[in-house]
Amino acid sequence: MIKEFQYNFDVYPLVFPVGEPTEITIKPLGVHAAFSGEYTVKVMRVDVGSVTYPFSTWNHTDYSLTPDADGCLRFTYTAQAECELIVRIFEEKERILHRGEPKVKQFSLYALNDDLACRIPLRGDLHMHTCRSDGREDPAIVCANYRARGYDFIVITDHHRYYPSLEAIAAYADADIPLNILPGEEVHLPGTAVHIVNAGGLFSVNGLIETKENFTETAGALDKRRFDETITPPDTMSLEAYEAQIAAIEKTLADLPEGVDSHWYAVCLWAFDHIREAGGLGVFAHPYWLADMWHVPEAFTRYMLEKHPFDAYEVLGGENYYEHNGFQTAIYYDEYRNGRVHPIVGSTDSHGSTVHNRNCDICSTIVFAHENERADIIQSIKDRYSVAVDSISREFRLVGEHRLQKYACFLMENFYPIHDRQAALDGEVMRQYYVGDADAAEIGALAEKSRAFMKKYIRTK
């Protein structure tokens, strides 16, 4: 939700490194918001409490400001710790005219320690479907629709199929677009019902096995099962050869707990190993999805979390009933208490990218990466620089480590509302480009503006 201050003023940068003197600009957006006269600006840390608290009387840095020739207020601040900062602007003329407290304008900033200050926040989705499997819209339209919703990256993961993600990438290959489209697929392998996402892998894991049931009729077509001609995936194998490999893995497994099927677990190990070989992120998807019963038996889910053969856990997914995301979140924090901190993602698991699907924007992931690039997004998630976002209702919820939650909360309230206004324009022009009503120059100009937008508001080291 856009706050009133964000309609009337532009503040930048919003985020900057601890310990570096940073000039903050406050620009009025319209005559009604113009500055005139003298102002007192106070900057306060949120984490240490109000100045009324005996140990926090020092918690304010004060500035006396008048607007510059361009009408903006500016001050230079050096943060001493990673935290959210409240900035309050007091109009001195109001104090004089009304003999009381001055009128206050307020906004927030955020200071980051070095490891986060070299990263940018990227909101995206690692699990969604198109009309190439059981979704509604074609891959390129899905991408345009999700850019319009504010997404910075997207992974198309159709059931059994890798090539729809390549179709989406190819649709915009001749244009510089403000959305990073990663290759991917939802992996369904013989011998288990566990759903696994290959996010960003450079070749298809479904396509390694020659089986009609696995919809790999295109398994032999290299152009449909690899990212580009520079990638040489493993040769396809017969179902019999695959089952022999699974049997060999099963023989290495011992002392499995009651309720954990060795064949299911061996298939999962095989899948995650091949996703990593492809350079992808192997995601353990929606174990508490109610597909008749829980999609994955709880004993098996807990063993998967204990042994952690995957790269990331889909803690939030595409359903709005409590058991799905509520139980997945609860078990994540159970694991956290046991000393096992899993990399996490949130995904729409969307099967429709328009408002006609009430769950089209139900969950997402904020990744703190060095750049909006496939390998860096994957590595950043593996390194636990991600937060899952629950947007089932207007009052968003966040899942992840507390430090990252605090930063992500600030972004959701102060950065993404203005980010998403720009992204809405981007997505519409992407759609127009795809259907032939806009040219590459138009979308390229928006992509350049998008990159400049990030640099303007997020000051990195």
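Just so we're clear, the structure is a prediction, and the values are computed from it rather than from any experiment.
- In terms of the side chain to side chain donor-acceptor pair (under 3.5 Å) criterion, Thr57 has no residue partners (sequence neighbours excluded).
- Note: Leu182 CG to Leu281 CG = 10.0 Å, rounded to the nearest 0.5 Å.
- Applying the salt bridge (Lys or Arg N to Asp or Glu O under 4.0 Å) rule to Asp361 yields the partners Arg123; only residues at least two apart in sequence or on another chain are considered.
- Taking the side chain as every heavy atom from C-beta outward, Phe227 and Tyr162 approach each other to under 4.5 Å.
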Table please: side-chain donor-acceptor pairs of residues 441-449 below 3.5 Å, with sequence neighbours left out.
from, atom 1, to, atom 2, distance (Å)
Glu442, OE2, Asp439, N, 3.0
Glu448, OE1, Arg451, NH2, 3.1

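- In this view, Asp228 and Thr230, Ile231 satisfy the side-chain contact (heavy atoms from CB on, under 4.5 Å) rule, not counting sequence neighbours.
- Contacts of Gln422 classified as side chain to side chain donor-acceptor pair (under 3.5 Å), with partners at least two apart in sequence or in another chain: Asp426.
- Considering only residues two or more places apart in sequence or on other chains, Phe300 meets the ring-ring contact (aromatic ring centres under 6.0 Å, His included) condition with Trp264.
- Checked against the 6.0 Å centroid criterion, the rings of His159 and His351 qualify as a close aromatic pair.
- With salt bridges taken as basic N to acidic carboxylate O contacts below 4.0 Å, none links Glu185 and Arg161.
- A ring-ring contact (aromatic ring centres under 6.0 Å, His included) check over residues 352-372, counting only residues at least two apart or in different chains, returns the pairs Phe368-Tyr407.
- In this view, Tyr434 satisfies the ring-ring contact (aromatic ring centres under 6.0 Å, His included) rule with no residue, not counting sequence neighbours.
- The distance from the NZ atom of Lys456 to the CD1 atom of Ile418 is 7.5 Å, given to the nearest 0.5 Å.
- Under the 4.0 Å criterion applied to side-chain N and carboxylate O atoms, Asp420 and Arg149 are not assigned as salt-bridge partners.
- With salt bridges taken as basic N to acidic carboxylate O contacts below 4.0 Å, none links Arg119 and Asp376.
- Two rings, from His286 and Tyr288, have their centers 6.0 Å or more apart.
- Between Asp10 and Tyr457, the side chains place a donor N or O and an acceptor N or O closer than 3.5 Å (distance only, hydrogens not considered).
- Tyr333 is linked by a ring-ring contact (aromatic ring centres under 6.0 Å, His included) to nothing, counting only residues two or more places apart in sequence or in another chain.
- Legend: side chain to side chain donor-acceptor pair (under 3.5 Å) pairs involving residues 11-22, not counting sequence neighbours, sorted by first then second residue: Glu20-Lys461.
- A salt bridge does not link Lys27 with Asp70: every distance from a Lys NZ or Arg NE/NH1/NH2 to an Asp or Glu carboxylate oxygen is 4.0 Å or more.
- For the residue pair His160 and Asn206, no side-chain donor N or O sits within less than 3.5 Å of a side-chain acceptor on the partner.
- For Asp62 and Lys42, the salt-bridge test passes: some basic side-chain N is under 4.0 Å from an acidic carboxylate O.
- Residues passing the ring-ring contact (aromatic ring centres under 6.0 Å, His included) test with Phe9 are Phe5, Phe35, sequence neighbours excluded.
- Under the 6.0 Å distance and 45° angle rule, Arg225 does not count as a cation-pi partner of Tyr163.
- Taking the side chain to side chain donor-acceptor pair (under 3.5 Å) definition, one finds that Glu335 meets it with Arg340, His342, sequence neighbours left out.
- Rounded to the nearest 0.5 angstrom, Leu85 CG and Arg45 CZ are separated by 8.0 Å.
- Under a 4.0 Å N-O distance rule, the pair Glu82/Lys406 does not qualify as a salt bridge.
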